[in-house]
Amino acid sequence: MQYNYLKKYIISSYILIWALIIFVAGPASLIFHAPPVIMWVVRNLCAWSPTLLLLTCWKYFRPDETRICFIKRCFSGKVSLLYMLLSFGLTFVISILALFILSLIEGRQMMSYINFGTTALPLSIFLSFTSGPTGEELGWRGFMREEFNKKYAFLKSSVYQGLVWCFWHALLWVVDSDFTDLRAIPYVISNIVVITSITVLMNIFLERRNNLIYAVLLHFGFNIIYVFLDADILFFVILTILYMVITPIAVFIRNKTVKKTVGLI
């Protein structure tokens, strides 16, 4: 019998994140009124759930391989300083560009949209890096990417991965968002487009250099802005448009490169 390990993993990861949000994050915030740093640690626990689920229940998702072999393969690609800078810089610069365009439209200084809050800057950066960027990628771009790539070509596989990753955040759109009125509609659309686009960009990097460090840095380059961001829905609209322009260009360049490589073989 052919077992659908990917389906089991996706369903389990959704159940786990919903349970953590409802039974851990919710009470910590609403009942115990945990301070911001504690809530950040709780959010990091939620972010690590795809990887913790995968490694804890490994035999249910990949019974024909050891954890060590899998992890080694996920980080087997050559590490390049240039690729590391490009992977981090790509998403970071797109967010900065969106912020720049927003500042032009609204006639404000870019720094007026940045709020460093009460948490020390080094701690904020550390907690951001140890959240989704390091917590999610072994599950999503490690296990899930491999499983989808067995079934589908590059673009379809990437889109499916992006949608799974995107809707894994769905409950957070309700409980951890400032946009609870009609602005929720463009916010949700933005999440779907941007997260799916980022998945495509990640997979372009990973196709060339199969090392999750690039996915981690690309994820971190995207996340770090939002730790300090204080902007309304227009920012997310602009961000969505930028990703809708940049991602097809990246796919076009990727396809041209692949065709050229195949032609040389």
Side-chain angles (χ1 to χ4, degrees), residues 21 25 29 34-47 85 87-137 162 165-199 201-202 215-247:
I21 292 172
S29 175
V37 173
I38 298 300
M39 284 307 303
W40 207 333
V41 173
V42 172
R43 285 195 295 270
N44 281 17
L45 171 64
C46 294
L85 293 174
S87 57
F88 173 82
L90 179 59
T91 47
F92 182 77
V93 169
I94 292 173
S95 294
I96 292 296
L97 180 58
L99 203 57
F100 173 70
I101 295 171
L102 178 65
S103 70
L104 292 179
I105 293 172
E106 296 189 341
R108 293 172 52 183
Q109 294 292 324
M110 284 180 61
M111 287 304 297
S112 67
Y113 299 102
I114 301 298
N115 180 5
F116 290 107
T118 58
T119 305
L121 182 60
L123 181 59
S124 295
I125 294 172
F126 172 78
L127 290 172
S128 176
F129 184 71
T130 54
S131 181
T134 50
E136 297 177 25
E137 293 310 322
W165 185 31
C166 167
F167 286 105
W168 180 80
H169 294 83
L171 189 57
L172 293 174
W173 301 341
V174 178
V175 301
D176 193 30
S177 170
D178 296 328
F179 308 120
T180 56
D181 49 19
L182 287 177
R183 294 175 300 170
I185 296 174
Y187 181 69
V188 169
I189 293 172
S190 178
N191 271 269
I192 294 171
V193 172
V194 171
I195 291 176
T196 303
S197 296
I198 289 174
T199 304
L201 296 174
M202 284 178 171
V216 168
L217 290 173
L218 202 147
H219 195 159
F220 181 54
F222 176 75
N223 275 20
I224 189 60
I225 292 293
Y226 302 94
V227 175
F228 312 108
L229 184 68
D230 184 13
D232 207 343
I233 193 62
L234 182 56
F235 170 82
F236 295 94
V237 173
I238 296 168
L239 191 71
T240 303
I241 295 170
L242 288 176
Y243 273 99
M244 289 176 68
V245 172
I246 292 169
T247 306

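We use all heavy atoms of the structure for the numbers below, so side chains are in, but hydrogens, waters and symmetry mates are not.
Here Leu201 contributes atom CG and Ile246 contributes atom CD1; the two are 8.0 Å apart, rounded to the nearest 0.5 Å. Interatomic distance, Ser177 OG to Leu171 CG, rounded to the nearest 0.5 Å: 12.0 Å. A distance of 7.5 Å separates CG in Leu102 from CZ in Arg108, rounded to the nearest 0.5 Å. Atoms CG and CG, on Leu99 and Leu104 in that order, are 10.0 Å from each other to the nearest 0.5 Å. Once rounded to the nearest 0.5 Å, the distance linking CG of Leu229 with CD1 of Ile114 reads 6.0 Å. The distance from atom CG of Asn223 to atom CG of Leu218, rounded to the nearest 0.5 Å, is 10.5 Å.
The aromatic rings of Tyr226 and Phe222 sit tilted, their planes meeting at an angle between 30° and 60°. Aromatic ring pairs are classed by plane angle as parallel below 30°, tilted from 30° to 60° and perpendicular above 60°; the pair Phe220 and Phe88 is tilted.
Of all heavy-atom pairs spanning Leu217 and Ser87, the tightest one is CB-OG, 3.6 Å. Between Phe129 and Thr134, the shortest heavy-atom contact is O-OG1, 2.9 Å. Taking each heavy atom of Leu239 and Ala98 in turn, the nearest pair found is CD1-CB, 3.9 Å. Here the shortest heavy-atom pairing between Ala215 and Glu137 reads CB-OE1, 3.6 Å. Between Ile224 and Phe228, the shortest heavy-atom distance links the atoms O-CD1, 3.5 Å.
Counting heavy-atom neighbours within 6.0 Å of Leu182 CG, excluding the residue itself, gives a total of 12 or less. More than 12 heavy atoms of other shown residues, nucleotides or ligands fall within 6.0 angstrom of atom CE in Met110.
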Show your working on side-chain contact (heavy atoms from CB on, under 4.5 Å) between Ile101 and Ile105 and close with a plain yes or no. CA-CA 6 Å; Ile101 295 171; Ile105 293 172; 3.9 Å; yes
Run Tyr113 and Ser103 through side-chain contact (heavy atoms from CB on, under 4.5 Å) and show every step you take. CA-CA 8 Å; Tyr113 299 102; Ser103 70; 3.9 Å; yes
Using side-chain contact (heavy atoms from CB on, under 4.5 Å), reason through Ile198 and Tyr243 one step at a time and then give a plain yes or no. CA-CA 8 Å; Ile198 289 174; Tyr243 273 99; 3.7 Å; yes
Apply side-chain contact (heavy atoms from CB on, under 4.5 Å) to Ile225 and Thr91, showing your working. CA-CA 10 Å; Ile225 292 293; Thr91 47; over 6 Å; no
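Side-chain contact annotation: Glu136 with Trp165, donor-acceptor N/O pair under 3.5 Å present.
Considering only residues two or more places apart in sequence or on other chains, Ser131 meets the side-chain contact (heavy atoms from CB on, under 4.5 Å) condition with Asn44, Ala47, Pro133. Residues that satisfy the side-chain contact (heavy atoms from CB on, under 4.5 Å) test with Arg183, not counting sequence neighbours, are Phe179, Asp181, Asp232, Ile233.
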Residues 185-197 side chain polar contacts: donor-acceptor under 3.5 Å, at least two apart:
| residue | atom | partner | partner atom | Å |
| --- | --- | --- | --- | --- |
| Ser190 | OG | Phe236 | O | 3.2 |
| Ser190 | OG | Thr240 | OG1 | 2.9 |
| Asn191 | OD1 | Trp173 | NE1 | 3.2 |
| Asn191 | ND2 | Tyr187 | O | 2.9 |
| Thr196 | OG1 | Ile192 | O | 2.7 |
| Ser197 | OG | Val193 | O | 2.7 |
| Ser197 | OG | Thr247 | OG1 | 3.4 |

